[in-house]
There are 2 protein chains.
Amino acid sequence: MQEHIDRPTLILNAAQSLVQTQGYNAFSYADIAARVGIRKASIHYHYPSKSDLGKALIVRYRTRFRQDLTLIKQERCNAFHKLERYVGLYSTVLQNEHHMCLCGMFAAEMETLPQAMKEEVQGFFAEHVAWLTAVLEEGLRTKTVTYNGSAEAEAQSLLAGLEGAMLVGRSYATASWFEAAAHQMLVRLQASPS
Amino acid sequence: MQEHIDRPTLILNAAQSLVQTQGYNAFSYADIAARVGIRKASIHYHYPSKSDLGKALIVRYRTRFRQDLTLIKQERCNAFHKLERYVGLYSTVLQNEHHMCLCGMFAAEMETLPQAMKEEVQGFFAEHVAWLTAVLEEGLRTKTVTYNGSAEAEAQSLLAGLEGAMLVGRSYATASWFEAAAHQMLVRLQASPS
DNA sequence: GTCTATAAGATGATAGAC
DNA sequence: GTCTATCATCTTATAGAC
């Protein structure tokens with residue numbers, strides 16, 4: 001049942017895992033080569049420079065996340081449940097070998113990244129804030145979500161909370177740190193049934 | 001009026017700024033040497049290995065932050081205002097050349113750090129959660145702060161929100177990203193006068 | 001497409017003169 | 001304490017054989 005996975009994908013998989021655990025500046029082509037079982041030169045054939053690889057990493061990550069967001073949006077469930085599902089996406093990332101959000105990690109290293117990568121990272125966050133803002137507005141209308149102030153500010157606050165909870169929670173061995181903080185954010189947003 | 005600042009301090013200052021903007025793995029002794037105007041070997045005299053330097057960085061950062069927390073705690077103001085002051089500390093760090101929280105940056109790179117540094121980073125966060133938990137409990141008693149659930153979970157959530165708001169906000173050029181998210185967190189915690 | 005070989009430069013770190 | 005000089009190793013990247 002073992003699927004054939006092409007080289008470029010295997011390289012991206014290894015690279016993504018390395019970025020999410022150690023950061024973009026902390027891994028080398030040698031690390032990927034060791035994990036995939038090929039030579040460094042072969043990686044350069046598929047991704048000539050490290051920034052090409054980095055760019056491809058974010059593009060794929062954004063595409064996958066965009067699909068998840070679209071799926072959640074289409075689900076027949078209320079806005080609060082959509083937020084729960086959204087938080088679940090982050091929980092899943094973290095539970096997978098204590099991975100940090102790829103773009104959260106890139107955000108930390110932002111100043112050292114080539115321009116093409118910076119723009120992708122900014123696009124990721126802008127996209128998520130826009131998605132969250134829409135869901136929060138829907139939640140207010142349908143009275144399944146509660147908050148004060150603008151939906152956009154609340155979206156920024158929630159996104160910040162989740163990225164920060166991954167960041168800090170990852171520095172501890174216990175997985176519960178993230179879960180406690182994230183649960184607190186969700187409960188706060190839940191409208192009490194009237 | 002120019003004070004004499006000793007070499008070890010000048011080295012720490014340069015190193016701290018480099019970590020807060022680029023990360024621990026992205027700067028080298030050569031970068032510090034260029035900024036301070038000395039040679040690489042001189043840095044090794046004061047801090048033999050990079051991990052010695054890293055450790056000294058966190059110890060100083062924790063000490064300074066601890067002094068700030070003690071000062072805020074002693075102020076004659078209500079618990080909500082203490083939280084405002086706490087948020088102000090992060091705002092100040094970020095406004096200083098878009099610096100990320102030193103320990104937030106280290107948290108991202110956690111897996112690549114030597115054990116001695118890891119423990120310092122964990123200690124930093126544990127200390128802040130403990131301080132926030134106490135203030136949040138006081139706020140609930142004195143009715144200046146409002147939240148549901150345990151004070152500790154709320155403390156984790158706030159700390160995560162602030163670290164995350166710095167992380168994401170820093171990836172944009174605009175300073176307002178952090179301010180909007182942080183303001184949202186504060187307003188949410190403020191008890192309405194009865 | 002993948003390999004070996006190699007380049008050119010950066011990295012953390014040390015020895016020893018001053 | 002700071003310097004020059006040097007080290008071994010690692011880094012991204014390329015040339016060319018297979």
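So you know, we letter chains A, B, ... as the sequences are listed, proteins then strands, and number each from 1.
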Original post:
So how far is it from B:Y24 OH to B:E109 CD, rounded to the nearest 0.5 Å?
Top reply: 9.0 Å
Subject >> Euclidean distance, atom CD1 of residue A:I5 to atom P of C:dG1 [Å, nearest integer] >> reply: 16 Å
**OP:** Please report, rounded to the nearest Å, how far the P atom of C:dA10 is from the CG atom of B:L18.
**Re:** 16 Å
Subject >> From A:K40 atom NZ to A:D31 atom CG, the distance as rounded to the nearest 0.5 Å >> reply: 10.5 Å
Subject >> Side-chain N or O of A:R7 closer than 4.0 Å to phosphate OP1/OP2 of C:dG1 >> reply: no
**OP:** Mind calculating the distance between NE2 (A:H44) and P (C:dT6) to the nearest angstrom?
**Re:** 17 Å
**OP:** Could you check which residues of residues 33-43 of chain A get a heavy atom under 4.0 Å from DNA chain D? Sort them by number, please.
**Re:** A:K40, A:A41
Subject >> Salt bridge flag under 4.0 Å for residues B:R62 and B:E120 >> reply: yes
Subject >> Interatomic distance, A:H46 NE2 vs C:dG1 P [rounded to whole Å] >> reply: 6 Å
**OP:** Whole angstrom is fine here: how far is it from OH in B:Y45 over to P in D:dG1?
**Re:** 5 Å
Original post:
With a non-hydrogen cut-off below 4.0 angstrom, is B:Y47 in contact with a base, only sugar-phosphate, or nothing?
Top reply: nothing
Subject >> Hydrophobic cluster identity match, A:L71 and A:L83, side-chain contacts under 4.5 Å >> reply: no
Subject >> Test applied, side-chain hydrogen bond (donor to acceptor under 3.5 Å, both in side chains); reference residue, A:Q184; option that passes from B:Q156, B:E154, B:E152 >> reply: B:E154
Subject >> Euclidean distance, atom CG of residue B:N25 to atom C1' of D:dT11 [Å, nearest integer] >> reply: 14 Å
Original post:
Taking DNA chain D as the partner, which of residues 49-60 of chain B come within under 4.0 angstrom of it by heavy atom?
Top reply: none
